[in-house]
Amino acid sequence: MIEIQCDTYDLKETLYSGQAFRWIELSQCLEQNITVHQSVISGHRVNLWESVGTIYASCPTLDNRQLKELSYSYLRLDDDMSRIYQTFDSDQYISTAISKYKGLHILRQDPWECLVTFICSANNNIPRIRQLVDKLCENCGEMKIDSKGKYYCFPSPAQIAEFGESNLRKLGLGFRAKYVYGSSVRLLTEDIDLFQFRNDSYQQSLDMLIGFPGVGDKVANCVLLFSMDKLDAFPVDVWIKRVLRESYLSGSKEKVTDSRLREWAQSKFGIYAGYANQYLFHRRRLD
DNA sequence: ATCGAACCTCCAAT
DNA sequence: AATTGGAGGTTCG
């Protein structure tokens, strides 16, 4: 087990804010009123929990140094929240969201898993996305066994490609099956390394992602923000459209395309537009 | 370039 | 109890 001091982190809000879909709450530790969250990161089963300014992590298959490194990266503990919050000082709506959900973070996920899960998110709701991702892992991901029992890794492009489109349909992916399959094949045949795009520009990475089947501006921006270190990415979904119309465009009914709206928001909110997005989304969805 | 409609599936609300 | 509407969107005409 490791512990990390961090006074500005809201683990629960972050893990269940709709950016990652494989976290579950373990029912235990009732005597201390602490909830343990579990998921699979980089092929390892990881437990996370928090208590008064400290985040704890445990993992049966990593040593403490590795676990600390993985946690830091995944949870984006390197983000300077006071600096990020500072850029939204003059924004009333976001400032309120920050005070209510202080410590809500963006995650740094695996780009491939992020890409597939957000392809699955198209025209879908969160419980169903979680269900699809679970089935995907259980049916074509590698099964591993650690000291706590068995668990499933997120499937590689090769594993999904081999599983096949028709089997993906049988899992319930529907029209998304073609896209998930097509993206897997594309990644394989073109031998693309998605991690490499963490070092490329926003625009370059966006263009690359848009090239994948089932990936439009919204999904691409989710992948850029939640896995490729593009904190200026700004996914425009129905909730964001609502909040922008209601609280920033004063109910203007002028027709604007989603990508235009995205560009407008990016120039308004700046280099941390993605964090603005997360707080806008979170407050509008939960308030 | 831009605009609707269609798309799989599931489930909650008629 | 059967039917309809809609869900973090993308593609196709």
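Note on naming: letters A, B, ... go to the chains in the order of the sequence lines (proteins, then strands), and numbering restarts at 1 for each one. All heavy atoms count here, side chains included; hydrogens, waters and symmetry mates do not. As the structure is a computational prediction, the values presented were derived from the model and not from experiment.
Y9(A) forms part of a hydrophobic cluster together with I2(A), I4(A), L11(A), L15(A), Y16(A), W23(A), I41(A), V46(A), L48(A), I55(A), L62(A), L67(A), L70(A), Y72(A), Y74(A), L75(A), L77(A), L107(A), judged by ILVMFWY side-chain heavy-atom separations under 4.5 Å. In the hydrophobic clustering (ILVMFWY side chains linked at under 4.5 Å, chained through shared members), F195(A) stands by itself. Other residues sharing the hydrophobic cluster of V40(A), ordered by chain and number and joined by side-chain separations under 4.5 Å: Y151(A).
Under the 3.5 Å distance criterion, with hydrogens and angles disregarded, no donor-acceptor pair is assigned to the side chains of H105(A) and T14(A). When only modelled atom types and interatomic distance are considered, Y272(A) and R83(A) share a side-chain donor-acceptor pair under 3.5 Å. There is a side-chain donor-acceptor pair under 3.5 Å between Q38(A) and N47(A).
When the C1' atom is compared between dT10(C) and dC11(B), the two are found 23 Å apart, to the nearest whole Å. Rounded to whole Å, the P atom of dA6(B) lies 15 Å from the corresponding atom of dT4(C). Between dT11(C) and dC10(B), the two P atoms lie 23 Å apart (nearest whole Å). Straight-line distance between the C1' atoms of dA5(B) and dG5(C): roughly 16 Å, to the nearest whole Å.
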Determine, stepwise, if the pair S82(A) / D80(A) fulfils side-chain hydrogen bond (donor to acceptor under 3.5 Å, both in side chains). CA-CA 6 Å; S82(A) 57; D80(A) 184 345; 3.0 Å; yes
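Sorted by first and then second residue, the pairs that involve residues 162-189 of chain A and meet side chain to side chain donor-acceptor pair (under 3.5 Å), not counting sequence neighbours, are R186(A)-E190(A).
Every residue was checked against the salt bridge (Lys or Arg N to Asp or Glu O under 4.0 Å) condition with R130(A), not counting sequence neighbours, and none meets it. For R65(A), the salt bridge (Lys or Arg N to Asp or Glu O under 4.0 Å) partners are E69(A), not counting sequence neighbours. For D191(A), the side-chain contact (heavy atoms from CB on, under 4.5 Å) test picks out no residue, with sequence neighbours left out. Qualifying salt bridge (Lys or Arg N to Asp or Glu O under 4.0 Å) partners for R76(A), counting only residues two or more places apart in sequence or in other chains: D79(A), D229(A).
Taking atom OH on Y16(A) and atom C1' on dG8(C), their separation rounds to 19 Å, with Å as the unit. In this structure, N277(A) atom CG and dG8(C) atom P are separated by 15 Å, rounded to whole Å. Counting to the nearest Å, the C1' atom of dG8(C) and the CG atom of D237(A) are 5 Å from each other. dA7(C) atom P lies 13 Å from atom CZ of R285(A), rounded to whole Å. dG8(C) atom P lies 9 Å from atom NZ of K218(A), rounded to whole Å. Atom-to-atom, CG of N125(A) to C1' of dG9(C) comes out at 13 Å; the value is rounded to the nearest Å. Going from atom CG of L173(A) over to atom P of dG9(C) covers 17 Å, rounded to whole Å.
A ring-centre distance under 6.0 Å is found for F21(A) and F118(A).
Against DNA chain B, the stretch residues 103-123 of chain A makes heavy-atom approaches under 4.0 Å through N123(A).
Under the stacking definition used here (centres under 5.5 Å, planes under 30°), the residue W239(A) fails to qualify as stacked on the base of dG8(C).
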Show me the protein contacts with nucleotides 11-13 of chain C, counting only N or O atoms at under 3.5 Å.
residue : atom : partner : partner atom : Å
dT11(C) : OP1  : G214(A) : N            : 3.0

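R176(A) comes within contact range of at least one nucleobase, with a heavy-atom separation under 4.0 Å. Note on D258(A): nothing from the nucleic acid sits closer than 4.0 angstrom, heavy atoms only.
Cation-pi geometry between R283(A) and Y93(A) is met: the NZ or CZ atom falls under 6.0 Å from the ring centre, inside 45° of the normal.
With a heavy-atom cut-off of 4.0 Å to chain A, the contacted part of DNA chain B has its first and last nucleotide at dG4(B) to dC10(B).
Paired regions of DNA chain B, where each region holds three or more successive Watson-Crick or G-U pairs whose two hydrogen-bonding distances fall under 3.5 Å, are B:3-7 with C:9-13, B:9-14 with C:2-7.
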